[in-house]
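For reference, the structure is listed below as structure tokens.
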Amino acid sequence: MSYVNEVYEMLQKKHPYEAEFLEAAKRILDSLTPIVDANEDLYRRNALLERFVEPERIVSFRVPWTDDQGKNHVNLGYRVQFNSAIGPYKGGLRFHPTVNQSILKFLGMEQILKNSLTGLPIGGGKGGADFDPHGRSDAEVMRFCQSFMTELYKYIGKDVDVPAGDIGVGGREVAYLYGQYKRITNLYEGVLTGKGLSFGGSLARPEATGYGLIYITEEMLRAAGEELKGKSVVVSGSGNVAQYAIQKAQERGALVLSCSDSDGFIYDPDGIKLDLLFEIKQKRRGRIREYAEKAPRSEYHAGEKPWSVKCDIALPCATQNEINGEDAKKLLKNGCTVVAEGANMPSDEEAIDAYLAAKILYMPAKAANAGGVAVSALEMSQNSERLSWSFEEVDSRLKDIMVNIYRNVSAASEKYAHKGNFVIGANVAGFEKVAAAMLAQGLV
Ligand code: NDP
């Protein structure tokens, strides 16, 4: 049996109840087969894969808190410290009722490879709690964050583990968590990223994921002898990633035809009007259907996704599994030749198979949306030197990072699969550096 399959079978026996983690581990291990086969003796001797698939440490703890009515609750909190071979653990905290150890292990394993791809010294981790912030008052969210940090602070630190936000953990939560960490430890250090600008946050962090997505898309097009200018682009979502992807794509001369939310999508043949989008989403936290009321030639399609709109480029920036096999077929039939993922896991397996079979340019999320965590790592650097860089400096470093990610992913695809298979390219390019560091550091 191949080494990859042996390790996967071992995982199945050890963690039979962790369905999400097993699925992710299988996908990643399968895509690593070419590099594992090429180094099998070395990797086996060093139990490299057995170590790669097990977190270095998992902390789980109860989080007791009291709601505004005086009722007591107990949630479960976690931090999965997956891999610190190339830097301190780094990855978001998710507050959502579906959070469990299996999901956090799956997200943590992905994070190891994404963080490695940035070329910056950050290891992989993920954490969170099965707490639902929806409908909770600020005071309740603050008490929950304070209770969560009262346990978590023991295991994190600027050189140990630097969490950030994720679903359900935005600027408000990061700020409450940071306040409690500082209060308990008496340390003013960059222990969290995604902080407010007044207490150590980085300029260009809100823009980073969307801008980074466009920078890597441009690089992918350039390598194929094309450019973004003049291309038609379909974007899904209208949140943080979508807004800044639309802004940068328009700056580069593309025509962005759509945006969406979970209720439906907007089609604007003249191009999405950014001022209007910002006014609805950033000023009023409104719904995307309001756009059509103010932009006369635009159309609102309730309950639909934008994948039937004819375009050259699709940028899914909303949520997981938003493009299924049928959607992918529609995109391809209408002439779409580029898909780059701003959201995490927006394409399901059938959709990915369809892109690969059609040999279009497909950049998976791990590489395409790494700009967010890259600028988080730049926030860590600024905190360490107690300086704040200008917007231009952060943005220019982000651009260099995305161009490098493209080059490394492309080179790895050529070496281990065929040029253009960026799924294998991204996993292998991320893994190579982690594997080299793990081998050099011995059996730890
Ligand atoms: P936001 O919450 O700001 O925006 C999410 C957008 O997606 C909203 O427009 C939301 O609409 C829409 N959406 C959510 N669920 C659905 C659904 N089921 N169908 C259609 N649309 C939906 O999140 P972000 O922009 O920050 O994140 C978007 C994606 O990018 C996520 O997958 C996230 O994990 C990923 N990501 C984000 C990074 C970042 O730096 N922000 C970094 C790397 C990845 P509605 O308002 O109706 O919910």
Side-chain angles (χ1 to χ4, degrees), residues 8 18-33 94 96 98-100 102-111 113-114 126 166-167 209 213 216-217 220 233-239 241-242 245 258-265 301 303-309 311 313-370 409 413 417 420-428 430:
Y8 182 66
E18 296 188 345
E20 297 87 354
F21 172 62
L22 286 173
E23 191 190 327
K26 171 118 186 67
R27 278 212 222 177
I28 289 176
L29 284 170
D30 281 347
S31 74
L32 295 178
T33 299
R94 178 174 290 191
H96 194 270
T98 56
V99 162
N100 60 37
S102 167
I103 288 179
L104 295 177
K105 278 176 69 179
F106 140 53
L107 293 167
M109 192 178 218
E110 287 277 313
Q111 195 81 44
L113 300 174
K114 180 186 298 196
K126 199 84 194 182
D166 188 63
I167 293 171
T209 308
L213 175 68
I216 200 167
T217 302
M220 187 161 61
V233 178
V234 163
V235 171
S236 65
S238 50
V241 179
S258 72
C259 59
S260 70
D261 62 20
S262 46
D263 297 333
F265 82 88
H301 296 258
E304 286 181 47
K305 300 189 277 185
W307 312 126
S308 51
V309 174
C311 64
I313 299 173
L315 303 176
C317 296
T319 188
Q320 65 275 5
N321 292 328
E322 54 172 317
I323 305 186
N324 59 29
E326 284 306 307
D327 300 324
K329 276 185 209 144
K330 274 187 232 160
L331 282 169
L332 294 168
K333 190 164 154 269
N334 282 332
C336 172
T337 54
V338 179
V339 177
E341 297 181 333
N344 278 320
M345 283 207 323
S347 309
D348 76 3
E349 269 201 275
E350 255 183 64
I352 295 172
D353 288 345
Y355 309 148
L356 293 178
K359 295 201 163 45
I360 62 163
L361 295 175
Y362 164 56
M363 189 55 74
K366 197 177 284 134
N369 70 24
V409 168
S413 78
N421 185 332
F422 300 139
V423 176
I424 291 186
N427 281 330
V428 171

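Remember, predicted model here, so these are calculated numbers, not experimental data.
The pair Arg27-Glu23 meets the salt-bridge criterion, since a charged nitrogen lies less than 4.0 angstrom from a carboxylate oxygen. For Lys305 and Glu322, the salt-bridge test fails: no basic side-chain N is under 4.0 Å from an acidic carboxylate O.
Residue Lys330 comes nearest to Ser308 through the heavy atom pair CD-CB, 4.0 Å, listed as atom of the first residue, atom of the second, then distance. Contact detail for Ala245 and Leu213: the closest heavy-atom pair is CB-CD2, 4.0 Å. The two residues Ser260 and Ser238 make their nearest non-hydrogen contact at O-OG, 2.9 Å.
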Would Val241 and Asn369 satisfy side-chain contact (heavy atoms from CB on, under 4.5 Å), going step by step from the backbone distance to the final call? CA-CA 9 Å; Val241 179; Asn369 70 24; 5.8 Å; no
Worked check of side-chain contact (heavy atoms from CB on, under 4.5 Å) between Tyr355 and Ile323: CA-CA 11 Å; Tyr355 309 148; Ile323 305 186; 3.5 Å; yes
How far apart are the C-alpha atoms of Ser347 and Asp327, what are their side-chain angles, what is the distance that settles it, and do they pass the side-chain contact (heavy atoms from CB on, under 4.5 Å) test? CA-CA 9 Å; Ser347 309; Asp327 300 324; over 6 Å; no
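Between the side chain of Ser258 and the backbone N or O of Val235 there is at least one donor-acceptor pair closer than 3.5 Å. A donor-acceptor pair under 3.5 Å is formed between the side chain of Ser413 and the backbone N or O of Gly420. The closest donor-acceptor contact from the side chain of Asp166 to the backbone of Arg94 lies at 3.5 Å or more, if one exists at all. Side chain of Ser236 to main chain of Cys317: a donor-acceptor pair is present (N/O by atom type, distance under 3.5 Å, no hydrogens or angles).
Applying the salt bridge (charged side-chain N to carboxylate O under 4.0 Å, His left out) rule to Glu326 yields the partners Lys329; only residues at least two apart in sequence or on another chain are considered. For Ala25, the side chain to side chain contact (heavy atoms under 4.5 Å, CB included) partners at least two apart in sequence or on another chain are Leu11, Phe21, Met109.
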Under 3.5 Å donor-acceptor pairs involving side-chain atoms of residues 359-367, not counting sequence neighbours:
from	atom 1	to	atom 2	distance (Å)
Tyr362	OH	Glu341	OE1	3.2
Tyr362	OH	Glu341	OE2	2.9
Lys366	NZ	Asn427	OD1	2.3

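Between Trp307 and Asn334 there is no side-chain heavy-atom pair separated by less than 4.5 Å. Met220 has its side chain within reach of Phe422: a pair of non-hydrogen atoms, C-beta onward, lies under 4.5 Å apart.
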